[in-house]
Amino acid sequence: MTETVRVAVPRKGRPLEAVLERFATTDEAAEVADEITSTLRFEKSVTKGHTHPDADVYQRLSEYSDLSDPAAPEYTLLRDDREGMPRRIVFDSVELEYDEVTIHLVGREEPFRALRTHEFGLGFDSADLVLEEVVKLQPEGLESIADINARIDPMDTDVRVVSGLGDTVYHTLMADPEILPPKSNLDRDFVADYAGDLCISPRYERLVEAVLGTRCLDDVSFVYPEEGPEEEASIADTGLGVYLTMTGSTARDFGLVLGEHLFPSETVLMENVAEATEAAEAVKEIVAGPELETALKI
């Protein structure tokens with residue numbers, strides 16, 4: 001009889017899709033992963049008002065969740081934070097069978113915090129949350145998982161980052177070219193010598209402090225984008241900023257120069273080291289195999 005390992009995962013969006021892709025290593029698991037992904041993409045379209053199905057949300061929920069089959073995906077309803085607070089169907093649970101272990105993926109709104117409270121031994125969430133919540137701020141910035149884990153106080157949490165999943169977007173420096181001296185590079189050293197405003201999203205203040213290091217920000221004041229326009233527009237007005245980007249095309253539309261990729265924002269596999277088991281090690285092998293391409297792999 002195989003052992004069951006419960007794993008906390010996001011309930012929707014790109015992070016959940018990245019997790020499902022990593023577990024789709026058998027034909028059966030790939031079929032289940034595709035079913036969950038397509039269902040949630042359809043429901044996202046409904047929530048955004050792009051799709052208008054005949055069946056109401058409760059009818060669709062009953063169609064998606066086959067409670068007579070313990071291996072079938074299950075879904076649940078959450079209030080979406082959009083105007084009017086519509087109900088949204090999100091992922092709840094599924095079991096995937098492998099030779100050595102049964103993996104029970106369990107949807108959580110905050111997987112990282114579920115690991116911190118020892119509800120799970122393994123889980124997936126954004127690397128950004130780790131930086132925002134438990135990484136100590138130091139004069140020097142950080143660039144790798146090794147840096148992240150080294151700055152987690154073991155008295156604060158037993159959670160450690162194992163690896164990224166490769167669904168990478170970057171926190172990237174962006175600037176109006178007029179503030180850059182000739183032949184200068186837009187990188188950490190430039191910010192260290194810079195005095196003035198730096199435009200960032202309010203939720204990323206602590207993350208940016210951790211990534212750049214407090215010494216780099218001695219003469220820098222954070223300012224925040226106004227609601228409404230693209231954040232790149234606010235960065236262009238400010239002159240210098242940090243924002244998430246994959247290709248940088250929108251930033252270039254506003255005349256911004258792209259600089260150093262400060263830190264990769266990936267979905268990461270995390271473990272609560274106090275809850276480590278042999279079966280959990282098998283799960284880590286499935287997820288973080290040698291072929292995984294990730295900017296955050298140790």
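Counting heavy atoms from C-beta on, the side chains of Thr157 and Ile152 come closer than 4.5 Å. Counting heavy atoms from C-beta on, the side chains of Ile103 and Thr4 never come closer than 4.5 Å. Residues Pro73 and Ser93 form no side-chain contact, since every pair of their non-hydrogen atoms from C-beta on lies 4.5 Å or further apart. With contacts defined as side-chain heavy-atom distances shorter than 4.5 Å, the pair His104/Val106 qualifies. Side chains of Val242 and Met174 form no contact here, defined as non-hydrogen atoms less than 4.5 Å apart. For the pair Lys12 and Glu43, the minimum side-chain heavy-atom distance is 4.5 Å or more. Counting heavy atoms from C-beta on, the side chains of Val130 and Val161 come closer than 4.5 Å. At least one side-chain heavy atom of Thr51 sits less than 4.5 Å from a side-chain heavy atom of Pro53.
In the hydrophobic clustering of ILVMFWY residues, with side-chain heavy atoms under 4.5 Å counting as a link, Leu244 and Leu207 come out together. Under the 4.5 Å side-chain heavy-atom criterion for Ile, Leu, Val, Met, Phe, Trp and Tyr, Leu240 and Phe263 are members of the same hydrophobic cluster. Val191 and Leu137 fall into different hydrophobic clusters, where Ile, Leu, Val, Met, Phe, Trp and Tyr are joined by side-chain heavy atoms under 4.5 Å apart, directly or via other members. Linking ILVMFWY residues whenever their side-chain heavy atoms come closer than 4.5 Å, directly or via other members, places Val5 and Val162 in the same cluster. Residues Ile235 and Val223 do not share a hydrophobic cluster, defined by chaining ILVMFWY side chains whose heavy atoms lie under 4.5 Å apart.
Separation of atoms CG (Asp218) and SG (Cys216) is listed at 8.5 Å; rounding is to 0.5 Å. Glu232 CD to Thr245 OG1: the interatomic distance, rounded to the nearest 0.5 Å, is 7.0 Å. The distance from atom OG1 of Thr117 to atom CZ of Phe112, rounded to the nearest 0.5 Å, is 10.5 Å. Note that the CG atom of Leu212 and the CG atom of Leu217 stand 5.0 Å from one another [nearest 0.5 Å]. Expressed to the nearest 0.5 Å, how far OG of Ser45 lies from CG of Leu40 amounts to 12.5 Å. Here the NE2 atom belonging to His118 is positioned 9.0 Å from the CG atom belonging to Leu115, to the nearest 0.5 angstrom.
Nearest heavy atoms, Glu260 versus Asp187: OE1-CB, 3.1 Å. A pairwise comparison of heavy atoms in Phe124 and Met270 identifies C-CE, 4.0 Å as the closest pair. Nearest approach of Arg188 to Gly141, heavy atoms of both residues: NH1-CA, 4.3 Å. For the residue pair Thr168 and Glu266, the shortest heavy atom distance occurs at OG1-OE2, 2.6 Å. For Thr214 against Pro139, the heavy-atom pair with the smallest separation is OG1-CA, 3.2 Å. Heavy atoms only, all atoms of each residue included: Val135 and Ala210 are closest at CG1-CB, 4.4 Å.
When atom types are taken as modelled, the side chain of Thr172 and the backbone of Tyr170 share a donor-acceptor pair closer than 3.5 angstrom. Side chain of Arg6 to backbone of Leu105: no donor-acceptor contact under 3.5 angstrom is found. Ser65 places no side-chain N or O within 3.5 Å of a backbone atom of Ser62 that could act as its donor or acceptor partner. At least one donor-acceptor pair closer than 3.5 Å links the side chain of His52 to the backbone N or O of Gly49. Asp167 places no side-chain N or O within donor-acceptor distance of the main-chain N or O of Ala18, the cut-off being under 3.5 Å. Looking at Ser126, its side chain does come within 3.5 Å of a backbone N or O of Asp128 through a donor-acceptor pair.
No option in Thr76, Asp56, Ile89 other than Ile89 meets the side chain to side chain contact (heavy atoms under 4.5 Å, CB included) test with Leu61.
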Which donor-acceptor pairs under 3.5 Å do the side chains of residues 197-205 make with protein atoms, sequence neighbours left out?
residue	atom	partner	partner atom	Å
Arg203	NH2	Glu132	OE2	3.3
Glu205	OE1	Tyr224	OH	2.4

Taking only distance into account, with no hydrogens and no angle test, what donor-acceptor pairs under 3.5 Å do side-chain atoms of residues 250-257 form with protein atoms, sequence neighbours excluded?
residue	atom	partner	partner atom	Å
Arg252	NH1	Thr247	O	2.8

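When the shell of 6.0 Å around CZ of Arg14 is examined, it contains more than 12 heavy atoms from other residues, nucleotides or ligands. Enclosure of atom CD in Glu97 by more than 12 non-hydrogen atoms of other residues, nucleotides or ligands within 6.0 angstrom is indicated.
The stretch residues 173-185 participates, sequence neighbours left out, in no side chain to side chain donor-acceptor pair (under 3.5 Å) pair at all. Sorted by first then second residue, the salt bridge (charged side-chain N to carboxylate O under 4.0 Å, His left out) pairs that include residues 111-125, not counting sequence neighbours, are Arg108-Glu119, Glu110-Arg113, Arg113-Glu133, Arg116-Glu133, Arg116-Asp156. For residues 268-282, the pairs satisfying salt bridge (charged side-chain N to carboxylate O under 4.0 Å, His left out) are Glu271-Lys284, Glu281-Lys284, with sequence neighbours left out. Screening residues 30-40 for side chain to side chain donor-acceptor pair (under 3.5 Å), with sequence neighbours left out, gives no hits.
Asp69 pairs by the side chain to side chain contact (heavy atoms under 4.5 Å, CB included) definition with Asp66, Ala71, Ala72, not counting sequence neighbours. Every residue meeting the side chain to side chain contact (heavy atoms under 4.5 Å, CB included) condition with Ala29, not counting sequence neighbours, appears here in chain and number order: Thr26, Leu96, Tyr98. Every side chain to side chain contact (heavy atoms under 4.5 Å, CB included) that Gln138 has, sequence neighbours left out, goes to Arg151. Applying the ring-ring contact (aromatic ring centres under 6.0 Å, His included) rule to Tyr75 yields the partners Tyr64; only residues at least two apart in sequence or on another chain are considered. Evaluation of the salt bridge (Lys or Arg N to Asp or Glu O under 4.0 Å) rule for Glu74 yields no partner, not counting sequence neighbours. Legend: residues meeting side chain to side chain contact (heavy atoms under 4.5 Å, CB included) with Ala150, ordered by chain and number and at least two apart, are absent.
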Exercise. Would you check, one step at a time, whether the test side chain to side chain contact (heavy atoms under 4.5 Å, CB included) holds for Ile148 with Leu131?
Key: CA-CA 7 Å; Ile148 294 175; Leu131 271 64; 3.6 Å; yes

Quiz item: Yes or no on side chain to side chain contact (heavy atoms under 4.5 Å, CB included) for Phe190 and Ile179, after CA distance, side-chain angles and deciding distance?
Solution: CA-CA 11 Å; Phe190 173 84; Ile179 75 167; 4.0 Å; yes

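A cation-pi arrangement is not found for Arg11 relative to Phe91, the charged atom failing to lie both closer than 6.0 Å to the ring centre and inside a 45° cone about the ring normal.
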